[in-house]
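Here the structure is laid out as structure tokens; the discussion comes afterwards.
Just so it is clear, the structure is predicted and the values come from calculations on it, not from any experiment. Chain letters run A, B, ... following the sequence lines, proteins first and then strands; every chain starts at 1.
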Amino acid sequence: MSDSETPADGGPRDFIRDIIRADLAAGRMAAPVTRFPPEPNGYLHIGHAKSICLNFGIAREFGGRCHLRFDDTNPVKEEMEYINSIQADVRWLGFDWGEHLYFASDYFDRLYEWAEHLIHAGKAFVCDLSAEQMREYRGTLTEPGRESPHRGRSIDENLDLFRRMRAGEFPDGARVLRAKIDMASGNINMRDPVLYRILHARHPRTGDAWCIYPTYDFTHGQSDAIEQITHSICTLEFEDHRPLYDWLIENLPVPSTPHQYEFARLNITYTVLSKRRLIQLVTEGHVKGWDDPRLPTLSGYRRRGFPPAAIREFAARIGVSKSNATMEVAALEACARELLNRTALRRMAVLRPLKVVIENYPAGESETLDAVNNPEDEAAGVRAVPFSRELYIEREDFMEDPPKKFFRLAPGREVRLRYAYFVTCTEVIKDAAGQVVELRCTYDPATRGGNAPDGRKVKATLHWVSAAHALDAEVRLYDHLFARPDPGADGDVMDDLNPDSLEVLTGCKLEPALADAPKDYPVQFERLGYFTPDPDWTDAAPVFNRTATLRDAWAKAQARG
RNA sequence: UGGGGCGUGGCCAAGCGGUUAAGGCACCGGUUUUUGGUACCGGCAUUCGUAGGUUCGAAUCCUACCGCCCCAGCCA
């Protein structure tokens, strides 16, 4: 390794990793220390996954470490349920914080001391202005603010008032502690920002120990300093806060000097990624819960059958930059398909069954045929699939009057039943309403396994399930939760909900090998897509979720017309 | 009208004064194929928001302009 090289030279490149390489080369630290700092007020979503992969990824690549730190400074919004789900989701994603699990609330004592330190230094004061008054005094984006009438209080008076705030002598909102910086700053965050507010609320971890709580700004940088974080990576909207972050680090006797860097948050088409919106979708019942497979939450992706490695791969592909970016969902789905193609066992399932009777196959008899479990992985082996006189095929694999490009079954046409036989449609049976209810076919016994000894070819191979051996199942098909790529772009986001985002199919026919599929194992239903068992599964009623469809050239051609 | 950012193909994104302007997704062909899947091959920016300037040479440097995003919570 030459001296211009640093660890992880072969790894991902982005402007943050470049900064770390430069810092390492300059000897500013031995190894980077990062942190993922969620507020426990909701479930983690794929936007968080981008940050998790960045922070934990950097630690892994450069031989540093990454802390999991809960930013729990607002007890009115935070809950234990979220603290637990967040840890489970980070682990599921594949990352480990080791011993480094922290809570900003663990630092409340030190934060309080630092607040008094600022008061002693004449750099903070207790302000009695109401929230509305403070808004007036703050000025606007283009006009400077005015100084609070309480800004000139003596150090002793400030100390006394602040201690009484802590002692619970005042009601919520009566007073706040503010930094004394610059009411004329163009950066509104520097106009004497609030450091502490009175909140008589029970905290999920500290209980009733406190009735004043530090704000995000007064907590984050100092927590970073306490934990010796070297690179505090956050999203773009905090860029404006960096001067305040630095001001606090400079004016407090903190044990280290962390620096903040900002990157663009993730956006995805047909998706909404704001906590506020996700909470609304859940609480208003537009989805079934935080783990609804239509949600971009990590628990939603898990239930839908997305492998965590697919999400990591997605994070790696999208990169890290400072430009506002909206990824197409297709890119995420491509990551899932790529991984699942290599790993998912192939099975046959008929979602919308059409009965087929093989007229020249003996009634009451059956046989077993070998089917490959995964053509991408020979070690996955083969399984036995039963075949008999009565079968089901997919309704859309038959057309009575097919257009020229339709290769599947039609009257008089021969196709292959995968791993079984060539069959020819001899008769179409309809009900009184004219609906096709059954097909009569003949099979060629010489084509057993799917090849014709005389070398003749067929243009299509269909999946099928033997009627007598089939398992009935429920299959849930998911589509984008929102009907337009940019939900809410003109109007209420909720108006853009896709009414067809969930389609529940019952009476689906599965090949018997699916009965003992491990409950969390992804499978590919041949020619249809990737599916995974849902927790609602019971032995009496198997339930599968569709993770992703297969690419479908035929569907694409049809859509094109 | 203040402050902070960002503008490279449909969507991301490399590029850091001299390369034919990486790569992925998407799209369009074609080959293989017992999944209209996969894999493989090929195509897809004479141009980097615009206009000037510096330079032998600019996506990269300078100037001006244009467009987009964020900030006026005692949320994070």
Side-chain angles (χ1 to χ4, degrees), chain A residues 13-14 18 37-39 41 71 73-74 76-77 127 129-131 134-136 138-145 172-178 184-191 193-199 212-213 215-217 219-220 234-243 262 264 269 275-276 313-314 316-335 337-338 341-342 346 348 371-372 375-376 405-408 416-420 422 447 449-451 457-463 485 524-529 549-557:
Chain A
R13 298 207 73 105
D14 54 65
D18 284 346
E39 181 190 11
N41 68 342
D71 220 328
T73 59
N74 186 0
V76 324
K77 291 186 177 177
C127 182
L129 255 26
S130 68
M134 210 178 295
R135 194 180 316 124
E136 290 163 21
R138 191 154 32 229
T140 68
L141 294 179
T142 55
E143 306 156 30
D172 288 2
R175 296 179 215 268
V176 293
L177 181 73
R178 292 225 257 167
S185 174
N187 182 342
I188 289 173
N189 293 300
M190 299 301 269
R191 320 240 264 227
V194 171
L195 270 22
Y196 264 92
R197 72 290 210 185
I198 301 172
L199 248 29
I212 59 172
Y213 291 92
T215 57
Y216 164 84
D217 286 310
T219 306
H220 208 95
C234 62
T235 44
L236 252 27
E237 65 271 26
F238 291 100
E239 222 154 9
D240 285 346
H241 293 245
R242 193 179 347 122
E262 310 86 11
T269 53
K275 269 194 194 175
R276 175 169 135 55
E313 172 62 18
F314 178 66
R317 287 185 190 182
I318 62 181
V320 179
S321 75
K322 299 191 71 151
S323 53
N324 275 98
T326 301
M327 288 301 299
E328 292 174 336
V329 250
L332 209 210
E333 288 161 358
C335 293
R337 284 195 193 99
E338 188 180 298
N341 175 53
R342 299 199 307 262
R346 310 296 130 119
M348 291 197 284
V372 172
E376 309 295 320
K405 290 297 202 49
F406 184 87
F407 304 145
R408 280 108 96 145
R416 170 168 42 231
L417 294 182
R418 181 148 232 224
Y419 298 124
F422 283 13
T447 58
N451 281 306
K457 303 290 184 194
V458 288
K459 296 196 78 175
T461 300
L462 309 187
H463 60 277
Q524 182 196 101
F525 289 171
E526 297 230 24
R527 305 207 304 133
L528 295 174
T549 61
L550 252 30
R551 271 200 194 78
D552 189 345
W554 167 239
K556 193 181 291 177

For [X] and [Y], work out which heavy atoms get closest and say how close.
X      : Y      : answer
A/A184 : A/P144 : CA-CB, 3.8 Å
A/E39  : A/K275 : O-NZ, 3.1 Å
A/R197 : A/T215 : NH1-CA, 3.3 Å

task: May I ask which nucleotide in the shown strands pairs with B/U63, Watson-Crick or G-U wobble, both distances under 3.5 Å?
output: B/A51

field: Pair assignment for B/A13, Watson-Crick or G-U wobble, requiring both distances under 3.5 Å
entry: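 Pairing partner: none.
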
In whole Å, what separates the [atom1] atom of [N] from that of [M]?
N     : M     : atom1 : value
B/U19 : B/C28 : P     : 34 Å
B/A26 : B/G37 : P     : 13 Å
B/C61 : B/C68 : P     : 24 Å
B/C27 : B/G5  : P     : 38 Å
B/G49 : B/C16 : P     : 16 Å
B/U60 : B/U55 : C1'   : 13 Å
B/C70 : B/U63 : C1'   : 26 Å
B/C69 : B/C11 : P     : 16 Å

Looking for any heavy atom pair under 4.0 Å, which part of the strands does [X] touch: base, sugar-phosphate only, or nothing?
X      : value
A/T269 : nothing
A/M134 : base
A/E239 : sugar-phosphate
A/L195 : nothing
A/G319 : nothing
A/V320 : sugar-phosphate
A/F406 : base
A/K405 : base
A/E376 : base
A/R138 : sugar-phosphate
A/F238 : base
A/P375 : base
A/R242 : nothing
A/R346 : base

Derivation and outcome, side chain to side chain contact (heavy atoms under 4.5 Å, CB included), residues A/R408 and A/L462: CA-CA 8 Å; A/R408 280 108 96 145; A/L462 309 187; 3.5 Å; yes

- request: Drop me the distance from A/L129's CG to A/R135's CZ, to the nearest 0.5 angstrom.
  value: 11.5 Å

- request: Please report the C-alpha distance between A/Q524 and A/L550 in whole Å, then the side-chain angles of each, then the deciding distance to 0.1 Å, and finally whether the side chain to side chain contact (heavy atoms under 4.5 Å, CB included) criterion is met.
  value: CA-CA 9 Å; A/Q524 182 196 101; A/L550 252 30; 3.8 Å; yes

query: If you check the A/V176 side chain, which of B/A72, B/C74, B/G24 turns out closest?
result: B/C74

message: Closest approach to the side chain of A/R135, judged atom by atom: which nucleotide of B/G5, B/U35, B/A72 is it?
response: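 Minimum distance to the A/R135 side chain belongs to B/A72.
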
- prompt: For residues A/R418 and A/T461, is any side-chain donor paired with an opposing acceptor at under 3.5 Å?
  reply: no

Distance, rounded to the nearest Å, where A/N451 contributes CG and B/U33 contributes C1': 12 Å

Is any N or O donor-acceptor pair between the side chain of [X] and the base of [N] shorter than 3.5 Å?
X      : N     : result
A/D240 : B/G3  : yes
A/R551 : B/G36 : no
A/E143 : B/U1  : no

field: Base orientation of B/G7, syn vs anti, 90° cut from 0
entry: anti

task: Please tell me which of A/T326 and A/K556 maps to the more 5' nucleotide of RNA chain B, matching each residue to the nucleotide holding its nearest heavy atom.
output: A/T326

- request: Assign each of A/A420 and A/A131 to its nearest nucleotide of RNA chain B by heavy atoms, then name whichever residue's nucleotide is nearer the 5' end.
  value: A/A420

- request: May I ask you to verify if any side-chain N or O of A/T140 is less than 4.0 angstrom from the OP1 or OP2 atom of B/A72?
  value: no

query: Quick check: does any side chain N or O of A/T235 sit under 3.5 Å from a backbone N or O of A/E237, one acting as donor and the other as acceptor?
result: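 No, the answer is negative, given that no donor and acceptor are paired below the 3.5 Å cut-off.
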
